[in-house]
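Working notes for the structure below.
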Amino acid sequence: MSSPPRVRFAPAPTGFLHVGSARSALFNWLHARHHGGTFVLRIEDTNTELVQPEFYDAITGPLQWLGLDIDEGPYYQSQRLQLYADAIARLLASGDAYFCDCTRVAIDARLAELAGRAGYDGFCRDRQVADGPDVVVRFRVPDSGSTVIDDIIRGHVSFAHAELEDFVIRRSNDTPVFLVANAVDDADMAITHVIRGEDLLNTTPKVQLLWTALGYGEPPRYAHLPLLVGDDRKKLSKRKQAVALADFQRAGYLPEAMANYLSLLGWGPPDDIEIRPMTEIIELFTLEAVHKAPAFFDMKKLDHVNATYIRALPVDDFIERCEPWLTNEAPWPADSYVPEIFAELAPAIQEKAHTLADVPAFVDWLFLADPPIDDDSWRKAMVEGRAAPEMIDGVLARLDHVEWTADAMYALVSEVGEANGLKLGKAQAPIRVAVAGRTVGLPLFESIVLLPRGEVRRRLVAARTRLD
RNA sequence: GCCCCCAUCGUCCAGCGGCCUAGGACGCCGGCCUUUCACGCCGGUAACACGGGUUCGAAUCCCGUUGGGGGUGCCA
């Protein structure tokens with residue numbers, strides 16, 4: 001354990017990279033970085049029937065976005081098939097594996113009579129079946145004894161061989177099952193630590209058995225991470241929305257916030273400071289400190305972490321990161337967007353936005369010819385609020401003579417409010433709704449003077465008209 | 001069914017035999033600040049699943065129960 005660790009993240013390209021997978025990747029990466037080790041990416045694509053080419057990029061893209069730089073690979077198992085075939089041949093030769101031509105239906109029929117058993121009954125163990133089409137290779141699990149996994153997170157986990165079936169290691173289409181590829185590659189790539197989700201814990205003794213039969217010597221250390229669960233306390237599933245890492249990117253989460261939050265699921269820094277730079281997390285992270293219980297993926301907390309990161313961004317950086325939401329994704333026509341106006345307001349927006357996707361809603365009224373007026377806001381400020389018509393009339397009366405600055409507007413609205421017995425908080429509401437369309441938003445006077453005076457007048461008049 | 005794992009506030013983490021009348025964070029509820037909403041600050045709510053042991057002493061160790069999850073495929 002004195003030499004630097006070599007870890008691997010080994011996803012199958014069968015879908016978009018899931019947050020749970022991303023968390024596994026992160027923990028592997030953290031372990032490697034903490035110990036100055038190597039982070040290897042290996043694509044587990046032995047099952048050609050399930051693999052979809054478009055998902056290869058769906059792995060490396062999000063990893064890169066998250067900031068998990070890869071030291072080695074990607075290795076593709078589909079390009080290493082000969083290695084696995086050789087290993088299987090060796091197992092066949094040594095008698096640790098055998099051919100089987102049973103169909104699932106036949107197996108199930110036999111199993112139905114031996115109540116309580118599942119999997120495979122060992123029917124072909126000594127039938128000397130010859131290789132051929134529709135023939136698989138199975139591993140001969142020892143009848144007695146057990147395999148013990150010394151898991152860094154879970155301690156010793158024991159599996160009785162009697163509970164393990166003679167599992168398939170080569171499919172009838174001649175492709176190896178991931179268990180073989182796992183053992184072969186982990187040995188070949190000199191992997192020292194296998195860090196992955198707890199859902200793989202049950203497959204570990206099988207890989208271990210293969211490892212031993214292949215004579216690989218000292219196996220890697222295992223660390224099975226607690227699963228990430230959703231509202232229903234069940235493993236985060238692809239069925240639900242927003243479990244792909246790319247969805248979070250699209251929803252306006254910063255990669256560093258995402259990585260920071262993910263590091264907090266199943267682990268916590270010893271000093272309780274949760275939001276901090278990745279360099280510090282690397283320094284503090286250890287697998288030994290990862291705990292065992294499943295972790296709920298809490299969007300509320302993610303939002304909080306994200307908002308904290310957004311606020312901490314240098315304003316120029318913030319503006320740059322908002323770019324996609326201000327252009328391609330923006331709700332306004334491209335030619336009406338004025339970068340200078342946005343830049344002026346950016347610091348205030350940083351204070352309020354929880355995600356980058358929230359950003360356009362703060363400024364859309366500045367770039368839209370006719371911003372929509374929110375019904376609830378209208379009701380609250382114009383109908384239920386006191387003196388809305390008086391406020392608008394009062395402001396309108398002096399609008400053309402006021403200096404077009406935030407301070408002057410502040411004074412104007414304050415005075416008109418006072419004349420109507422309203423404090424500023426109440427007084428500004430009708431003006432805000434008339435001009436910006438909502439009761440909530442940026443500091444009003446600072447932002448309203450960014451609109452031409454004539455446009456503000458037009459909106460006030462329109463609101464006043466609607467009020468009658 | 002069988003195998004494996006897990007069990008501290010609603011949620012995420014602290015706690016690894018005495019410092020715990022259980023700590024922090026998110027959320028939630030009050031209050032302050034205030035140009036709305038946020039931010040910030042102050043305060044509050046709220047947990048050791050249960051039952052047996054072991055021990056002078058248990059959230060911490062052991063056993064059981066209950067509950068949850070995962071796996072039981074020619075997916076990974």
Side-chain angles (χ1 to χ4, degrees), chain A residues 10-14 21 44-47 49-50 100 103-104 107 115-120 134-138 149 151 153-154 157-160 162-165 167-179 181-182 196-205 224 226-227 229 233-235 261 264-275 289 291-305 307-308 311 348-354 362 377 380-381 406 409-410 413-414 417 423-429 431-433 436 438-446:
Chain A
T14 53
S21 303
E44 307 231 321
D45 54 355
T46 59
N47 193 337
E49 288 170 21
L50 255 43
C100 167
T103 62
R104 190 69 240 173
I107 296 168
R117 271 288 256 170
Y120 179 68
D134 296 323
V135 168
V136 301
V137 176
R138 286 181 185 274
I149 306 302
D151 192 280
I153 297 169
R154 276 148 226 287
V157 184
S158 176
F159 297 86
E163 299 294 342
L164 264 27
E165 61 174 321
F167 52 94
V168 170
I169 58 176
R170 194 205 70 187
R171 304 184 185 91
S172 56
N173 68 1
D174 252 23
T175 58
V177 165
F178 83 105
L179 297 163
N182 257 215
R196 30 127 79 150
E198 198 205 326
D199 50 345
L200 276 316
L201 182 55
N202 295 296
T203 70
T204 309
H224 286 94
L227 256 23
V229 299
R233 282 265 130 202
K234 290 195 162 65
K235 181 167 72 161
Y261 175 66
L264 264 15
L265 295 175
W267 177 81
D271 57 10
D272 270 352
I273 300 173
E274 298 185 315
I275 299 179
H291 78 159
K292 310 170 181 186
F296 173 74
F297 189 86
D298 188 354
M299 290 294 292
K300 289 251 184 67
K301 185 148 183 175
L302 205 214
D303 279 353
H304 171 260
V305 173
T308 304
R311 265 181 265 123
I349 297 170
Q350 270 184 276
E351 291 296 313
K352 296 168 188 299
H354 287 185
F362 288 105
S377 296
K380 230 183 293 172
M409 277 303 284
Y410 175 97
V413 176
S414 296
K423 291 190 176 174
L424 230 206
K426 294 286 182 193
Q428 57 91 47
I431 308 302
R432 179 186 290 278
V433 172
R438 299 185 197 90
T439 51
V440 303
L442 264 13
L444 183 61
F445 312 119
E446 289 78 351

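Everything numeric here is computed off the predicted structure, so don't read it as measured data. Chain letters run A, B, ... following the sequence lines, proteins first and then strands; every chain starts at 1.
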Self-check item: Closest heavy-atom pair and its distance - A:Glu198, A:Leu227
Solution: N-CD1, 3.5 Å
Quiz item: Between SG of A:Cys100 and CZ of A:Arg170, what distance do you get to the nearest 0.5 Å?
Solution: 11.0 Å
Quiz item: If you look at every strand shown and take non-hydrogen atoms under 4.0 Å, does A:Leu442 touch a base, only sugar-phosphate, or nothing?
Solution: base
Quiz prompt | Atom C1', compared across B:C41 and B:C9: separation rounded to whole Å | solution = 23 Å
Quiz item: Is A:Arg432 touching bases, backbone alone, or none of the nucleic acid, heavy atoms closer than 4.0 Å?
Solution: base
Quiz item: When you compare B:C13 with B:C33, how far apart are their C1' atoms, in angstrom units rounded to a whole number?
Solution: 31 Å
Quiz item: Using the C1' atom in both, what is the distance from B:U66 to B:C75, to the nearest Å?
Solution: 33 Å
Practice problem: Would you confirm whether A:Tyr261, through its side chain, and A:Met299, through its main-chain N or O, come within 3.5 Å as a donor-acceptor pair? | Solution: no
Self-check item: B:G1 pairs with, by Watson-Crick or G-U criteria that keep both distances under 3.5 Å
Solution: B:U72
Exercise. Quickly work out the A:Leu264 CG to B:C26 P distance and round it to whole Å.
Key: 11 Å
Quiz item: What nucleic acid atoms does A:Ala436 come within less than 4.0 Å of, heavy atoms only: base, sugar-phosphate, or nothing?
Solution: nothing
Self-check item: Touch class at under 4.0 angstrom, heavy-atom based, for A:His291 against every strand present
Solution: sugar-phosphate
Exercise. Establish whether the base of B:G24 is bridged to the side chain of A:Glu274 by a donor-acceptor pair shorter than 3.5 Å.
Key: yes
Quiz item: When you compare B:U8 with B:C3, how far apart are their C1' atoms, in angstrom units rounded to a whole number?
Solution: 28 Å
Quiz prompt | Base B:C75 paired with A:Thr14 side chain (donor-acceptor, <3.5 Å) | solution = no
Quiz item: From the list B:C12, B:C6, B:G71, which nucleotide is the closest neighbour of the side chain of A:Arg154?
Solution: B:C6
Quiz item: Roughly, in whole Å, what's the span from CG in A:Asp272 to P in B:G23?
Solution: 12 Å
Practice problem: Just call it for A:Ser158: base, sugar-phosphate, or nothing, with non-hydrogen atoms closer than 4.0 Å on any strand. | Solution: sugar-phosphate
Quiz item: Rounded to whole angstrom units, what separation is found between the CH2 atom of A:Trp267 and the C1' atom of B:C13?
Solution: 10 Å
Quiz item: Across the strands shown, which category fits A:Thr175 at heavy-atom distances under 4.0 angstrom: base, sugar-phosphate, nothing?
Solution: nothing
Quiz item: Closest to the A:Val157 side chain: B:C5, B:C13, B:A76?
Solution: B:C5
Exercise. Any strand is fair game: report the nucleotide pairing with B:G51 by Watson-Crick or G-U wobble, both distances under 3.5 Å, or none.
Key: B:C63
Practice problem: Select one nucleotide: of B:C74, B:G40, B:G69, the one nearest the side-chain heavy atoms of A:Arg171. | Solution: B:C74
Quiz item: Has A:Arg138 got its NZ or CZ under 6.0 Å from the middle of the six-membered ring of A:Tyr120, at an angle within 45 degrees of the ring axis?
Solution: yes
Practice problem: Would you indicate what A:Phe178 reaches in the nucleic acid, counting non-hydrogen atoms under 4.0 angstrom: base, sugar-phosphate, or nothing? | Solution: base
Quiz item: How close or far is atom P of B:G27 from atom CZ of A:Phe297, stated in whole angstroms?
Solution: 15 Å
Quiz prompt | A:Arg196 versus A:Asn182, closest heavy-atom pair with distance | solution = NH2-OD1, 3.4 Å
Quiz item: What nucleotide, of B:U35, B:C37, B:C12, holds the atom closest to the side chain of A:Leu265?
Solution: B:C12
Quiz item: What distance separates A:Asn202 CG from A:His224 NE2, expressed to the nearest 0.5 Å?
Solution: 8.5 Å
Quiz item: At under 4.0 Å, does any side-chain N or O of A:Lys352 touch on OP1 or OP2 of B:A38?
Solution: no
Quiz item: Would you say the side chain of A:Glu165 and the base of B:U72 hold a donor-acceptor pair, judged only by whether the two atoms sit under 3.5 Å apart?
Solution: no
Quiz item: B:C2 and B:A58: how far apart are their C1' atoms, nearest whole angstrom?
Solution: 34 Å
Quiz item: Atom CG of A:Leu201 to atom P of B:U72: distance rounded to whole Å?
Solution: 12 Å
Exercise. Mind checking A:Arg138 for me? I need base, sugar-phosphate or nothing, with any heavy atom below 4.0 Å counting as a touch.
Key: sugar-phosphate
Self-check item: Watson-Crick or G-U wobble mate for B:G23, both contacts under 3.5 Å
Solution: B:C13
Practice problem: Using the C1' atom on both, measure B:G27 against B:G67 and round to a whole Å. | Solution: 25 Å
Practice problem: For B:U54 and B:C12, measure between their C1' atoms and round to the nearest Å. | Solution: 33 Å
Self-check item: Distance in Å, A:Asp151 CG paired with A:Lys292 NZ, rounded so as to fall on 0.5 Å steps
Solution: 9.0 Å
Quiz item: Which whole number of Å gives the distance between the C1' atom of B:C32 and that of B:G68?
Solution: 43 Å
Practice problem: Give one of base, sugar-phosphate or nothing for A:Arg438, where a contact means two heavy atoms less than 4.0 Å apart. | Solution: nothing
Practice problem: Would you mind classifying the nucleic acid contact of A:Leu444 as base, sugar-phosphate or nothing, using non-hydrogen atoms under 4.0 angstrom? | Solution: base
Quiz item: Taking CG from A:Asn182 and C1' from B:C75, how many angstroms apart are they, rounded to a whole number?
Solution: 13 Å
Practice problem: Check every strand shown and say whether A:Leu302 touches a base, only sugar-phosphate, or nothing at a heavy-atom separation below 4.0 Å. | Solution: nothing
Quiz prompt | Nearest-Å distance for atom pair OH/P, residues A:Tyr261 and B:C26 | solution = 13 Å
Quiz item: Reckon A:Pro443 touches a base, only the sugar-phosphate, or nothing at all at heavy-atom distances under 4.0 Å?
Solution: base
Quiz item: When you measure from the side chain of A:Lys301, which nucleotide among B:U35, B:A38, B:C26 comes out closest?
Solution: B:C26
Quiz prompt | Short side-chain N/O contact to B:C26 OP1/OP2 from A:Lys300, under 4.0 Å | solution = no
Quiz item: Looking across every strand, which nucleic acid part, if any, lies under 4.0 Å from A:Arg104 by heavy atom: base, sugar-phosphate, or nothing?
Solution: sugar-phosphate
Exercise. Would you mind pulling out the nucleotide paired to B:G40, Watson-Crick or G-U wobble, both distances under 3.5 Å?
Key: B:C32
Quiz item: Reckon A:Ala429 touches a base, only the sugar-phosphate, or nothing at all at heavy-atom distances under 4.0 Å?
Solution: nothing
Self-check item: Ionic contact status for A:Lys301 with A:Glu274, cut-off 4.0 Å
Solution: yes
Practice problem: Could you tell me the separation between the CG atom of A:Asn173 and the P atom of B:G73, rounded to a whole number of Å? | Solution: 18 Å
